[in-house]
Amino acid sequence: MDEETHHPAQPGVGAVVCSRCGAAADSDYAPPTWVCSVENGRRQYFCDDCARLHIRAIEGRLDSVWW
């Protein structure tokens, strides 16, 4: 089985944006308080406000479409 290595967002690619509310990070990297989720092979970032609001769903490993 091949393992795929995932790296943080690369600088210069564009600002990291919250997949829920559209808030943009201040840098090209997601702040440490943001949550990264891989859903259907696609990496999604959620800002600290959205992550805090939906923490139970995130811990329950529900896809973001459910919350």
Side-chain angles (χ1 to χ4, degrees):
M1 182 162 128
D2 292 326
E3 290 186 27
E4 186 175 331
T5 303
H6 295 282
H7 300 285
Q10 299 298 319
V13 174
V16 177
V17 177
C18 177
S19 296
R20 190 85 181 149
C21 71
D26 292 334
S27 68
D28 290 341
Y29 294 101
T33 56
W34 283 35
V35 172
C36 178
S37 174
V38 178
E39 299 175 14
N40 298 320
R42 191 170 145 244
R43 187 175 306 176
Q44 296 182 341
Y45 293 94
F46 300 99
C47 68
D48 50 351
D49 290 334
C50 289
R52 216 176 282 124
L53 184 62
H54 300 286
I55 191 67
R56 287 190 177 143
I58 293 169
E59 288 178 345
R61 302 182 64 81
L62 295 175
D63 283 346
S64 61
V65 296
W66 291 98
W67 42 278

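Contact detail for Ala15 and Ala25: the closest heavy-atom pair is CB-O, 4.3 Å.
Pairs passing the side chain to side chain donor-acceptor pair (under 3.5 Å) check and including a residue from residues 51-60, sequence neighbours excluded, read Asp49-Arg52.
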Please tabulate, one pair per line, all N/O donor-acceptor pairs under 3.5 Å involving side-chain atoms of residues 33-40, not counting sequence neighbours.
unit_1, atom_1, unit_2, atom_2, d
Ser37, OG, Glu39, OE2, 3.2
Glu39, OE1, Ser64, N, 3.3
Glu39, OE1, Ser64, OG, 2.9
Glu39, OE2, Ser64, N, 3.2

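Expressed to the nearest 0.5 Å, how far CD1 of Ile58 lies from CG of Leu53 amounts to 9.0 Å.
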